[in-house]
Amino acid sequence: MLRWMKKSNANDSDAYTSTIDGMKKVYKKFVRPLEELYRYQEFYSPLLTDSDFDAPPTVMLLGQYSTGKTTFIKYLLETDYPGLRIGPEPTTDKFVAIMHGEQDQIIPGNALVVDQRHPYKVLTRFGNNFLQRFEAAVIRNPVLQGLNLLDTPGVLAGAKQTVNRGYDFTGVVKWFADRVDMIVMLFDAHKLDISDEFSQTIQACKGNDTKIRIVLNKADKVTNQQLMRVYGALMWSLGKVLATPEVARVYIGSFWDQPYQNDDNRKLFEMEEEDLFKDIQSVPRGSIVRKLNDLVKRCRIAKTHAYIMSHFKNEMPVFGKEAKMKQMIANLPKIFQQIEQTTGIPAGDFPNTEEFAEKLKTFDITKLAKLNQAMIDALDKMIATELPRLMAQVPQDQELANDDYMMSVRKRDGGALFEADMTPFGDGATMDILTTPLLVKEFVHEFEKLGPSSDGKINGTQAKQPMQESKLPNATLRRIWTLADLDKDGKLDLREFAICKQLMKMKLDGHDLPVEIPDVWVSPMAE
């Protein structure tokens, strides 16, 4: 897991060892007591625990079935995760939290929600039907050191929408949307229609607009002219559903490791892929700010909630409480206006009147509490003094988070986020073929045509175009180059070139790349 905290003096009780540590302390001291007194958790989200603050940042993938969500994850990790299934039909029928661990395993939902190390305890409220459709896939992959991925069931379309999932699907999506750091919505270039369930799913993400990234996937299967029309149709459809004046950022490409069917837009796909992966790489860096922002927002809501509930308490008579409650619920908009005028709280901090009224109808009147002005004053003072201190510490913690994550990515042995400066393709399964000696002499003529230098090697510029003629994505070619460049000098000799050609043939034949080059390919004695 990403190390968010720095070492500190345990005796320095006034100092915060990290921004996360400070957020935990101010929440427990100033915010949580106010939430407990006025039953915040019965109207909004559950009370926070340490695991909510410590949890690694998460990227959630959403989309209708067969848009490539699971394939996108495999492309990022360059390996399968435990329990992975890919197909044209709705194959992923579960919410799968993909996280780093030393041993590959699957943790069922019922076991996952009782593990205090993970922030999933609250998900028990969605019932056993959901927990049977929730699991964690643990895999040893440095890309996941400091970053979790969340695969979701394919959103249904057509007649399938009428099938009852057995749990509140949009409610679960909303719970995750409020807590993840990025939401990647995938669309198939051949299936742009937004089903009713997907529309409801997008609406469940409302309030998290800044987290949403749109991906137009499988774009290599259409021509230039068709792609222009598809892009326009997607923007038009999204405009109706998102209902925001801002234009959503749309990334265009084909996020898998197979050859492009239409290579005309390769340069566009490469630039879009690079932008998206940089966006994902920045998630650990921005996670601290996101959590601090959410805490500030929670403080404001908790304060507003305290004034609302105390107002109900003050207006409640000795007799006829239920009748009075019904009357006040009916006049909720006027009550909110009255509180706004007397306290100066902005109108934007008040909850939706209809949703709040529904929750008031089932609320236990005996739990109403009078206004505790001392607690609110303490909260205001904390917002004015402690939160600026935490904000000042964010840049330093961001650098630690970013450096740790990027170091783990660069040191690892693969993955689409991998950047190797010595390859020309970026900025910066046991099979018979792996046990068969490599016949280097078969590649002599092709290698000589590229014009090797006096040291018997070709550079990246010489090799790039012939390799791209395979139409494999740059991320795959980058991985192939890294494997083939045995001495890591940024050049290829004849044997390394032969290894490179063999790896490309493996990918084109539908095989996965090996983790490392087999000895039988490296040793001349094996030929």
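All values reported here derive from a predicted model rather than from experimental measurement.
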Flag the pair [X] / [Y] as yes when at least one side-chain heavy-atom distance between them is below 4.5 Å, and no otherwise.
X: C205; Y: I202; value: no
X: I98; Y: N148; value: no
X: M235; Y: V250; value: yes
X: V114; Y: N110; value: no
X: F43; Y: M309; value: yes
X: V31; Y: V26; value: no
X: P153; Y: R133; value: no
X: F72; Y: L76; value: yes

Do side-chain atoms of [X] reach the backbone of [Y] as a donor and acceptor pair under 3.5 angstrom?
X: E272; Y: I252; value: yes
X: K291; Y: F53; value: yes
X: S310; Y: A306; value: yes
X: S237; Y: A233; value: yes
X: D115; Y: L112; value: no
X: N217; Y: L186; value: no

Could you check whether [X] pairs with [Y] (Lys NZ or Arg NE/NH1/NH2 to Asp/Glu carboxylate O, under 4.0 Å)?
X: R39; Y: D364; result: no
X: D349; Y: K303; result: no
X: R179; Y: D294; result: no
X: D50; Y: K28; result: yes
X: E42; Y: K367; result: yes
X: D104; Y: R140; result: no

Euclidean distance, Q338 CD relative to N331 CG, rounded to 0.5 Å
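One finds 10.5 Å between CG of N331 and CD of Q338.
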Atom pair CG/OG1 of L147 and T58 - distance to nearest 0.5 Å:
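That separation rounds to 7.5 Å.
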Search all heavy atoms of [X] against all heavy atoms of [Y] and return the closest pair with its distance.
X: N129; Y: G166; result: ND2-O, 3.0 Å
X: P82; Y: I139; result: CD-CB, 4.1 Å
X: R249; Y: D275; result: NH2-OD2, 3.3 Å
X: D188; Y: T67; result: N-CG2, 3.8 Å
X: I329; Y: L360; result: CD1-CB, 3.8 Å
X: I288; Y: M23; result: O-CE, 4.2 Å

Regarding [X] and [Y], is there a side-chain donor-to-acceptor distance under 3.5 Å anywhere?
X: N208; Y: K211; result: yes
X: T70; Y: D151; result: yes
X: D377; Y: Q373; result: yes
X: Y81; Y: N141; result: no
X: S287; Y: D181; result: yes
X: T170; Y: D168; result: yes
X: Y307; Y: E340; result: no
X: S51; Y: Q116; result: no
X: N265; Y: D220; result: no
X: E274; Y: Y251; result: no

With ring-ring contact (aromatic ring centres under 6.0 Å, His included) as the test, pick out the partner of H305 among Y38, F350, F336, Y44.
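The residue from Y38, F350, F336, Y44 that satisfies ring-ring contact (aromatic ring centres under 6.0 Å, His included) with H305 turns out to be Y44.
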Could you point out which residue of F134, F169, W175 forms a ring-ring contact (aromatic ring centres under 6.0 Å, His included) with F95?
F169
Go through it in stages, so that I can follow the logic: the residues are Y27 and E35, the test is side chain to side chain donor-acceptor pair (under 3.5 Å), and I'd like the CA-CA distance, side-chain angles, deciding distance and then a yes or no.
CA-CA 10 Å; Y27 174 74; E35 292 178 343; 2.7 Å; yes
[X] [atom1]: over 12 foreign heavy atoms closer than 6.0 Å:
X: K326; atom1: NZ; value: no
X: K381; atom1: NZ; value: no
X: R298; atom1: CZ; value: yes

Check for me whether R32 meets the cation-pi criterion with F30, that is, NZ or CZ under 6.0 Å from the six-membered ring centre and within 45 degrees of the ring axis.
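No, R32 and F30 do not form such a contact.
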Could you label the plane-to-plane angle of the F130 and F126 rings as parallel, tilted or perpendicular, counting under 30° as parallel and over 60° as perpendicular?
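Plane angle over 60°, so perpendicular.
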